[in-house]
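Since the structure comes first, as structure tokens, the remarks are kept for the end.
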Amino acid sequence: MKILLLASGGDAPGMNKIIFNLFKKYKSNIWACEGGFKGLIEGKIFSLSCFEPEKFKNQAGCCIKSARCLEFKTEKGFKKGLKNAKKFDAVVILGGNGSFEGAKRLASKGVKVVFVPVTIDNDVGISEYSLGFHTAVKACCDAIYNIMPSMNAFNRCCVFEVMGRKYDKIAFAVAQVTNPDALISNEEDLNFSKISKIVRKNFKNNNSSFIVIRENILSLNKFVSTLKTMVKDIDIKTFVVGHLQRGTKPTKVDLKKANEFSKCIFKSIKTKNMLDAVTVKGGKTFLKEY
Ligand code: F6P
């Protein structure tokens, strides 16, 4: 049995644990594409042992390297990738929505594929949880908890920008835990008169403020310069949590999920289903055939 593993899109904490679990189970029967679908097109396929998965099992990142690959969406690129994928009995794909599209396309051409939802954004339609989300949210909350004591010492206002591309799940979860003075998770939340009123009131009451804003709504510079015109005497600082969300050591929750996801992959590899996806619904992890 020959298995191929690839990771596509943003790396996510917990990904390395799955990679290690697969290596432990399949040893010399598993290969990895270096750099996702790009690696598949270019035939950058090596024995998984080359990537030393044991060394990275509890770390964030992606030891087999990930990539974003537009070429795989073209007919020419896809054909090249398909040719290499067909050399394997099963292909395991770790990634988000875009990767699921690639998985479906390969399966439709006769490649057995197991798709695994792995992205901090938690935006994979077929699963209520995608690996890495818990760690990403924790990284944001930790940043807030570690920065605000200093802001409190000066009654400052700090604006925290969190990732999530165009999805608001990270921003929402962070707000649920930390209870910011303002949450801007979508364009409609950009109510400067309301936000400035809260910030001014806190300042008057000898307090600091903090705001959580999701990336890709308004540039942080623009947000701060607009707010500044309305709260002139208050010092505003900014912190972009950014890739700390992806680089933070996976939480116990994500490591446990990675183990659950791995068991589903093992199960799928034993079946003849052309396309299976690891799915979480109602808190339960299971395998869904497509
Ligand atoms: O999809 C995961 C994610 O971290 C998004 O939240 C973010 O917008 C994007 O990837 C950043 O990608 P890159 O690391 O390529 O800049």
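Not measured: the values here are computed from a predicted model. Read the numbers this way: they start at 1 and go in the same order the structure lists the ligands and their atoms. Numbering starts at 1 and runs along the sequence shown.
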#### Entry: Per-atom contacts of ligand 1 with Glu215, taking only distances under 4.0 Å to non-hydrogen atoms
5 (C), 6 (O), 7 (C), 8 (O)
### Message
Can you tell me how far apart CG (Leu218) and CD (Glu187) are? Round to the nearest 0.5 Å.
### Response
9.0 Å
### Summary
atom 2 (C) of ligand 1 has as its nearest protein heavy atom Asp121 OD2, 3.3 Å
### Query
Between Ile170 and ligand 1, which part of the residue brings a heavy atom under 4.0 Å of the ligand: side chain, backbone, both or neither?
neither
### Query
What is the nearest protein non-hydrogen atom to atom 3 (C) of ligand 1, stated with its residue, atom name and distance?
Arg246 NH1, 3.4 Å
Validation: residues 14-21 side-chain donor-acceptor distances under 3.5 Å, sequence neighbours left out:
from  : atom 1 : to     : atom 2 : distance (Å)
Asn16 : OD1    : Cys63  : N      : 2.8
Asn16 : ND2    : Gln59  : O      : 3.3
Asn16 : ND2    : Ala60  : O      : 3.0
Asn16 : ND2    : Gly61  : O      : 3.4
Asn21 : ND2    : Lys17  : O      : 3.4
Asn21 : ND2    : Asn259 : OD1    : 2.9
Asn21 : ND2    : Ser262 : OG     : 2.9

### Distance filter under 4.0 Å to Gly164 heavy atoms, resulting ligand 1 atoms
6 (O)
### Query
Atom NZ of Lys112 and atom CD1 of Ile269: how far apart are they, to the nearest 0.5 Å?
7.0 Å
### Query
Just distances here: any N/O of Arg68 and N/O of ligand 1 closer than 3.5 Å?
yes
### Query
Linking Ile, Leu, Val, Met, Phe, Trp and Tyr through side-chain heavy atoms less than 4.5 Å apart, which residues share a cluster with Val111?
Leu4, Leu6, Trp31, Phe37, Leu40, Ile41, Ile45, Phe72, Phe78, Leu82, Phe88, Val91, Ile93, Phe100, Leu106, Val113, Phe115, Val124, Ile126, Leu275, Tyr290
### Query
So, Thr248 side chain and Thr135 main chain: donor-acceptor pair closer than 3.5 Å or not?
no
## Note on the structure
When distances are taken from atom 16 (O) of ligand 1, the protein heavy atom at minimum range is His243 NE2, 3.8 Å
### Message
Restricting to non-hydrogen atoms, name the atom on Asp181 and the atom on Ser208 that form the minimum distance, rounded to 0.1 Å.
### Response
OD2-O, 4.3 Å
